[in-house]
Amino acid sequence: MKVAIVTGAAKGIGRAITIMLAKKGIKVIANYNTSQKQAEELQKQLKKEGWDIDIFQADVSHREEVKKLIAYTIKKYKKVDYIINNAGISQYQLFTEITDENWEKMMTNNVNSVFYMSQEAVKYMLQEHQGCIINISSIWGITGASCEVAYSTAKAAIDGMTKALAKELGPSGIRVNSVAPGMIMTDMNQDFSKQEIEEIKSQIPLEKIGKPEDVAKCVEWLIEDEYTTGQIISPNGGWVI
Ligand code: NAP
């Protein structure tokens, strides 16, 4: 049996990834931070369909909480095969308005969380001489977005980590990749007006906003693949080519 941890699994993209993995018969430890109710509902919904997942509360921007999440997994399942570093926050503001506190929050939630999760899990992946880490970054890490300097910086850092770690861990049989989505309809984009969404759609060659399941499909492919590492794969409807 394969074992996966998905961070930020209760909603949006993390939820779709969790459902995809669970339905493949993979044991998922679905991490949540504040969305306990949604996590419990997801667990219940999957249970009804015959799939068992574990849910585990942890703020993955703190090393000690990540340690508890990994310890729970190892105690119960003895190993971890896949880490999906999906948890993240975004913030839309002018560069001149970003405070040190905003910046710190962006980096701890988006970058430190990936560092802590990967470092704590890799210890066990090295023992198995196999493993797969998938980091959910963003097209803004590739191209940069106006009024999202902190977010773009954080996501570019994740892609840098992906490439460097892929080189370091390749000889140990561990693959590391990023999935860098374009615009995906989740709570993260709830503040966009209908008109703004239509404007964005008109810039996308496939003329549609992505679904969380579109990202989950990329993750599914990366998990099954055996020869892809250090890559940034971007499901974005052709928005950025
Ligand atoms: P979402 O619905 O807002 O979900 C974000 C998730 O991250 C939530 O489940 C949240 O958990 C979790 N999270 C945030 N900080 C956390 C922490 N410190 N510890 C544990 N969990 C934490 O947004 P989403 O669109 O699904 O975003 C998922 C990922 O995709 C993010 O990394 C985001 O940057 C990336 N992404 C999204 C888009 C898009 O257009 N939607 C595009 C590119 C990349 P709780 O709710 O439990 O607190």
Among all residues two or more places apart in sequence or in another chain, which pass the salt bridge (Lys or Arg N to Asp or Glu O under 4.0 Å) test with [X]?
{"X": "Arg15", "value": "none"}
{"X": "Lys24", "value": "Glu220, Glu224"}
{"X": "Asp187", "value": "Lys11"}

Closest contact, heavy atoms only, Asp159 versus Ser137: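 Minimum heavy-atom separation between Asp159 and Ser137: OD1-OG, 2.7 Å.
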
Is there any ring pair (Phe, Tyr, Trp, His ring centres under 6.0 Å) pair reaching into [range], and which pairs are they, with sequence neighbours excluded?
{"range": "residues 199-236", "value": "none"}
{"range": "residues 180-202", "value": "none"}
{"range": "residues 137-175", "value": "Trp140-Trp239"}

Leu21: which of Val6, Val3, Ile5 passes side chain to side chain contact (heavy atoms under 4.5 Å, CB included):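 Exactly one option meets the side chain to side chain contact (heavy atoms under 4.5 Å, CB included) with Leu21, and it is Val6.
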
Within residues 124-137 or reaching into it, pairs that qualify as salt bridge (Lys or Arg N to Asp or Glu O under 4.0 Å) - sequence neighbours excluded: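 As it turns out, there is no salt bridge (Lys or Arg N to Asp or Glu O under 4.0 Å) pair with a partner in residues 124-137 once direct neighbours are skipped.
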
N/O donor-acceptor pair under 3.5 Å between Asn86 side chain and Thr7 backbone: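 The answer is yes, because a donor-acceptor pair under 3.5 Å joins these two groups.
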
Main-chain N/O of Met117 paired to Asn85 side chain as donor or acceptor, under 3.5 Å: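 Here the side-chain-to-backbone pair does not exist.
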
Residues that [X] engages under side-chain contact (heavy atoms from CB on, under 4.5 Å), provided they are two or more places apart:
{"X": "Ile74", "result": "Ile70, Val80, Tyr124"}
{"X": "Ala157", "result": "Val111"}
{"X": "Ala22", "result": "Val28, Leu46, Trp51, Ile53"}
{"X": "Ala39", "result": "Ala10, Tyr32, Ile55"}

Flag for Glu199-Gln195: side-chain donor and acceptor within less than 3.5 Å: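 Short answer, yes.
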
Donor + acceptor pair across side chains of Gln45, Glu41 (<3.5 Å):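 No, no side-chain donor-acceptor contact under 3.5 Å.
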
Connected-component partners of Ile232 among ILVMFWY, side-chain separation under 4.5 Å: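 Members besides Ile232, by chain and number: Ile142.
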
Short N-O contact, Arg63 and Glu120, less than 4.0 angstrom: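 Salt bridge present between Arg63 and Glu120.
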
Transitive ILVMFWY side-chain link Ile19 to Met185, under 4.5 Å: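 No; Met185 is not reachable from Ile19 via cluster members.
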
